[in-house]
Each structure stands twice: as C-alpha cells, then as structure tokens.
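Everything quoted here is computed from the prediction, not taken from an experiment. For reference, positions follow the sequence shown, starting with 1.
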Amino acid sequence: MEHFKRGVLLTLIGGTCWGFSGASGQFLFTHYQANPMWLTSMRMCFAGLLITLFGALTQKEAMKRLVSQKKDLIKTFGFGFVLMLCQFTYLQAINTSNAGTASVLQYLSPIYIMIFVCLTSKRLPNKIEALCIVSLSLRKMLLLDHQI
C-alpha cells in the first residue's frame, strides 16, 4: 500500500507542476515577450542537467552502461528529440492561444497514438478505443468551440 500512496503523491505533484508550467509559460509569453523556442531550450537544458546529475549520483552503473552502448544512447537521444518537439508544440500552443486551450489539445494526443497503433498493426479500433476516440473528439469540440 505504501507504493500506491507514493505513486498517488508523485502523480499529484507531477500534475501540479505541469499545470504550473503552462501558466508560467503563458505569463512569460505575455509579460516578458519570451518565445517558445527559447523557453523550450532552457527547460530541456536544465532538466537534462538535473536528470544526468541525479543519474550519475544514484545510478552510476546504469549511466555507464547507457553511455557505453551506442544503441541505447541513440534511443535516448531520439526520445529526447521527440520530447523536445512535444514541449515546443505545447509552448507554441500556449503562446498562440492560452494555457487552458493548449492543455486540452495536449490531452488529445492519445487519439493520435491510438490511430497510429491501429494503422501500424493493420486493425480497426476495438469498441473501447473507438468510444475513447469519439468521446475525446466531442470533448475537444465542446471545449474549444466555446473559447473561440
């Protein structure tokens, strides 16, 4: 049960930080004319440094294996690049509209992942997947159409 409580706590902290991040980005764009590329670069650099430092201090052997295995290193850089694109598009959406609208759009990403998985596995969505696609699409239309 202790693992469960820790997981719930970390999830709540992560969601709170993510919400604060969007509002902070909107504040920087509105009041200080920051741009999404600069903010993405700063966030990714500092996060990368912190994660690398944390890994070097707590997971020395795993970090050595990561650096020594070219295949894993390439996957890590690929993941970082995709993460950077996600961060940039999220911040660009905030810059273009607002943090609330960008968050709603961000929550639509499971639809695209589900469609990608169905296409690559050459199958149609099952009933639950189809229901999720329809409900998320309706949610997007209802929320975003009222903001325009």
Side-chain angles (χ1 to χ4, degrees), residues 1-60 62-63 66-67 70-121 125-148:
M1 190 58 156
E2 194 61 36
H3 257 36
F4 178 77
K5 289 179 182 177
R6 183 177 180 205
V8 169
L9 178 65
L10 291 174
T11 301
L12 290 172
I13 291 170
T16 302
C17 289
W18 187 66
F20 182 73
S21 163
S24 298
Q26 185 173 342
F27 178 81
L28 289 172
F29 299 145
T30 304
H31 298 289
Y32 293 99
Q33 288 72 45
N35 68 56
M37 185 59 78
W38 174 82
L39 189 53
T40 302
S41 301
M42 293 296 105
R43 287 174 62 160
M44 296 298 289
C45 285
F46 285 115
L49 287 172
L50 286 173
I51 290 170
T52 303
L53 181 64
F54 181 76
L57 294 174
T58 62
Q59 304 287 326
K60 290 179 184 178
M63 292 295 283
L66 175 66
V67 174
K70 186 178 179 181
K71 181 181 171 185
D72 290 339
L73 199 56
I74 290 171
K75 284 182 182 179
T76 302
F77 278 109
F79 176 77
F81 181 73
V82 171
L83 182 61
M84 181 191 65
L85 290 176
C86 290
Q87 290 288 313
F88 175 71
T89 55
Y90 176 62
L91 291 171
Q92 184 63 44
I94 291 172
N95 190 36
T96 304
S97 58
N98 59 53
T101 302
S103 296
V104 170
L105 291 172
Q106 187 83 10
Y107 279 114
L108 294 176
S109 61
I111 290 177
Y112 303 116
I113 294 169
M114 200 179 314
I115 291 169
F116 175 79
V117 168
C118 288
L119 288 173
T120 56
S121 60
N126 63 34
K127 289 179 183 178
I128 293 177
E129 291 170 340
L131 179 65
C132 289
I133 290 171
V134 170
S135 66
L136 282 172
S137 299
L138 287 173
R139 175 184 170 195
K140 176 197 69 102
M141 287 188 296
L142 290 172
L143 289 174
L144 294 182
D145 288 348
H146 291 294
Q147 290 185 355
I148 296 175

Hey, could you give me the [atom1]/[atom2] distance between [X] and [Y], rounded to the nearest 0.5 Å?
X: L49; Y: M44; atom1: CG; atom2: CE; value: 11.5 Å
X: L83; Y: T76; atom1: CG; atom2: OG1; value: 12.0 Å
X: L39; Y: Q92; atom1: CG; atom2: CD; value: 11.5 Å
X: I111; Y: C132; atom1: CD1; atom2: SG; value: 9.0 Å
X: Q59; Y: I51; atom1: CD; atom2: CD1; value: 13.0 Å
X: M37; Y: N95; atom1: CE; atom2: CG; value: 12.0 Å

Side chains of [X] and [Y] in contact at under 4.5 Å (non-hydrogen atoms):
X: I115; Y: I133; answer: yes
X: E129; Y: N126; answer: yes
X: L85; Y: F81; answer: yes
X: Y90; Y: S103; answer: yes

Practice task
Look only at the side chain of S21 and the backbone of C17, and say whether a donor-acceptor pair between them is shorter than 3.5 Å.
Solution key: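 No: the side chain of S21 does not pair with the backbone of C17.
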
Problem - Heavy-atom neighbours of I128 CD1 exceed 12 at 6.0 Å - result: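 12 or below, so no.
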
Handout entry: A93: partners by side-chain contact (heavy atoms from CB on, under 4.5 Å), with sequence neighbours left out
Key =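 Partners of A93 under the side-chain contact (heavy atoms from CB on, under 4.5 Å) test: A102.
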
Contact summary for [X] and [Y], nearest pair of heavy atoms:
X: P125; Y: A130; answer: CB-N, 4.0 Å
X: L73; Y: V67; answer: CD2-O, 4.1 Å
X: G100; Y: N98; answer: N-OD1, 3.1 Å

Handout entry: Residue pairs passing the ring pair (Phe, Tyr, Trp, His ring centres under 6.0 Å) test where at least one lies in residues 28-49, sequence neighbours excluded
Key =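 Found F27-H31, F27-Y32.
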
